[in-house]
Amino acid sequence: SEMCIRDRYQRRVRGLPSIKMVKCDACQKTVYPMEMVSADGKNFHKTGCFKCAHCSKTLSLGNYASLEGKYYCKPHFKQLFMEKGNYSEGFGTEKPAEKWARQKGVGGEAGEGGDEPQE
């Protein structure tokens, strides 16, 4: 009798779709479908975890912008861009010219790296 009940329950459960346990990319806790928002392939709790990196305001799918893995409310995204006129300086990342020079080995003393032909 107990075995029959368990068998019937297991047969019923096997037919149901399994629920995948998803972790919030901000807090690493389980996030359930009703409290989840997904942006740029990442999952977050709607309240408390999907926030602006500048002001900590809760974001929604209609009012956010992202850059290099950070999320911003649209007003701060625009403000930070306008402060310096480009994304790298306004958001505190490495300037493209500096990044290029570092990758190419340019910018040190004469004869260190650079684009000069080697003899």
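Relative orientation of the His76 and His54 rings is tilted, given thresholds of 30° and 60° on the angle between their planes.
Note: Leu80 CG to Tyr72 OH = 6.5 Å, rounded to the nearest 0.5 Å. Here the CG atom belonging to Leu61 is positioned 9.0 Å from the NZ atom belonging to Lys46, to the nearest 0.5 angstrom.
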Using distance only, find each side-chain donor-acceptor pair of residues 35-42 under 3.5 Å and give its atom names and separation, not counting sequence neighbours.
residue: Glu35; atom: OE2; partner: Tyr32; partner atom: N; Å: 3.3
residue: Ser38; atom: OG; partner: Asn43; partner atom: OD1; Å: 2.6
residue: Asp40; atom: OD1; partner: Tyr64; partner atom: OH; Å: 3.4
residue: Asp40; atom: OD2; partner: Ser66; partner atom: OG; Å: 2.7

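In this structure, Cys73 and Cys52 approach most closely via the heavy-atom pair N-SG, 3.4 Å. The minimum heavy-atom distance between Lys74 and Gly62, with the atom names listed, is NZ-O, 3.8 Å.
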| task | Walk me through it: do Phe44 and Asp25 pass the test side chain to side chain contact (heavy atoms under 4.5 Å, CB included)? | result | CA-CA 6 Å; Phe44 302 94; Asp25 285 293; 4.3 Å; yes
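Side-chain contact between Thr30 and Lys23: present, with at least one pair of heavy atoms (C-beta onward) separated by less than 4.5 Å. Proximity of Asn63 to Lys57: side-chain heavy atoms (C-beta onward) are separated by under 4.5 Å at one or more points.
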